[in-house]
Amino acid sequence: MSIFFHEQLYRTSEVMAKIKDFPVTVCGAGALGANITESLARSGFGKLKVIDRDRIEERNLSTQPYYRSDIGAMKAKMLANSLYRALGVNIDAQSKELTVANSSQLLHDSCLIIDTFDNSVARLAVKDYCETANLPCLHVGLAPDYAEVIWNQVYRVPSPANDDVCDYPLARNLVTLTVAVACEVTIAFVSSKQQQSYTITLADLAIKSFT
């Protein structure tokens with residue numbers, strides 16, 4: 001029986017064939033990026049790349065799919081190792097900082113970019129490269145009670161004022177809700193080329209179309 005037996009019953013064989021061979025790069029392997037990568041892999045995506053320069057810290061364990069024994073290791077590598085053990089899927093793990101200088105090298109071989117970076121400089125580098133290369137890009141981001149899943153053409157890079165601030169409130173349920181929306185938007189794009197953008201608020205459990 002296929003690992004993706006239940007998913008195939010829901011999605012159809014045609015959709016599963018599309019997502020298996022569709023190259024996706026996830027920028028970031030933190031609360032959003034790691035969980036999105038895991039969810040896509042467990043949904044049947046077979047050509048995934050993840051880019052992240054960071055190492056795993058203890059405070060990551062409540063919102064990210066890592067283990068206490070992983071603390072100190074590179075996020076991208078540990079995520080790839082975990083998903084290979086679970087599913088036999090080979091994730092292209094790039095433990096690098098994405099910059100303007102290397103964005104072309106890291107992003108050119110994908111058909112969709114999912115940006116989950118936690119700083120405005122990297123988000124801007126992704127946005128600008130994807131605009132120049134005419135490459136579809138989905139930006140996913142969080143605030144304390146709010147999240148966005150927005151396509152590149154209507155996305156605005158946030159102010160760098162709060163970049164690299166690690167002591168922020170973050171509810172796991174907002175993370176998982178946002179990941180589910182982002183992955184559903186991704187599958188809709190791969191299967192039918194729809195580009196849906198949403199906002200998410202946790203307090204009222206509201207998912208609304210972004211206009």
Side-chain angles (χ1 to χ4, degrees), residues 24-43 45 48-66 70-71 74-76 78-79 82 97-98 107 112-128 130 136-189 195-211:
V24 177
T25 293
V26 180
C27 297
L32 290 172
N35 285 298
I36 287 172
T37 302
E38 180 179 39
S39 185
L40 292 179
R42 291 183 183 274
S43 296
F45 281 80
L48 293 169
K49 178 191 292 186
V50 61
I51 303 167
D52 195 289
R53 68 181 181 181
D54 292 337
R55 295 181 182 273
I56 298 161
E57 300 178 62
E58 185 176 29
R59 63 169 172 243
N60 301 146
L61 301 183
S62 67
T63 57
Q64 302 174 28
Y66 302 114
D70 296 335
I71 291 173
M74 303 303 294
K75 288 184 176 181
M78 293 310 298
L79 182 61
S82 176
E97 179 179 7
L98 187 144
L107 301 178
L112 172 65
I113 307 301
I114 302 176
D115 164 37
T116 72
F117 281 139
D118 61 1
N119 69 89
S120 57
V121 173
R123 282 187 177 269
L124 182 60
V126 173
K127 177 177 172 61
D128 286 349
C130 289
C137 178
L138 185 66
H139 299 271
V140 188
L142 294 168
D145 189 52
Y146 174 80
E148 293 179 337
V149 177
I150 300 178
W151 288 94
N152 207 40
Q153 54 267 34
V154 293
Y155 177 72
R156 298 292 178 268
V157 177
S159 164
N162 293 317
D163 277 4
D164 299 321
V165 176
C166 295
D167 298 327
Y168 51 82
L170 179 59
R172 178 176 176 84
N173 285 343
L174 180 62
V175 173
T176 54
L177 187 59
T178 305
V179 167
V181 173
C183 291
E184 218 30 53
V185 167
T186 298
I187 292 172
F189 174 74
Q195 292 193 356
Q196 305 160 316
S197 294
Y198 293 98
T199 62
I200 300 126
T201 47
L202 183 62
D204 55 358
L205 293 174
I207 300 170
K208 299 180 181 178
S209 293
F210 177 85
T211 55

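Heavy-atom basis, side chains included; hydrogens, waters and symmetry copies ignored.
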Identify the heavy atoms of Cys27 and Leu98 that sit nearest to each other, and give their distance.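 For Cys27 and Leu98, the tightest heavy-atom pair comes out as SG-CD1, 4.3 Å.
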Closest approach of Ile56 and Lys75, non-hydrogen atoms and distance?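 Here Ile56 and Lys75 meet closest at CG1-CG, 3.6 Å.
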Is any side-chain heavy atom of [Y] closer than 4.5 Å to one of [X]?
X: Thr186; Y: Leu138; value: yes
X: Tyr66; Y: Ile71; value: no
X: Asp115; Y: Val26; value: no
X: Pro65; Y: Leu79; value: yes
X: Thr25; Y: Leu112; value: no

* Let me know which of Leu174, Thr201, Thr178, Ile200 forms a side chain to side chain contact (heavy atoms under 4.5 Å, CB included) with Tyr146. =>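 Running side chain to side chain contact (heavy atoms under 4.5 Å, CB included) over Leu174, Thr201, Thr178, Ile200 with Tyr146 returns exactly one hit, Thr201.
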Measuring from [X]:[atom1] to [Y]:[atom2], what's the distance to the nearest 0.5 Å?
X: Glu38; Y: Ser82; atom1: CD; atom2: OG; answer: 6.5 Å
X: Gln64; Y: Asn35; atom1: CD; atom2: CG; answer: 7.5 Å
X: Arg156; Y: His139; atom1: CZ; atom2: NE2; answer: 10.0 Å
X: Tyr198; Y: Glu148; atom1: OH; atom2: CD; answer: 14.5 Å
X: Leu48; Y: Ile36; atom1: CG; atom2: CD1; answer: 11.0 Å
X: Ser209; Y: Gln196; atom1: OG; atom2: CD; answer: 7.5 Å

Less than 6.0 angstrom separating the ring centers of Trp151 and Phe189, yes or no?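 Ring-ring flag for Trp151/Phe189: true, centres closer than 6.0 Å.
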Please tell me whether Gln195 and Gln153 have a donor and an acceptor in their side chains that are separated by less than 3.5 angstrom.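 Per modelled atom types, Gln195 and Gln153 side chains form a pair under 3.5 Å.
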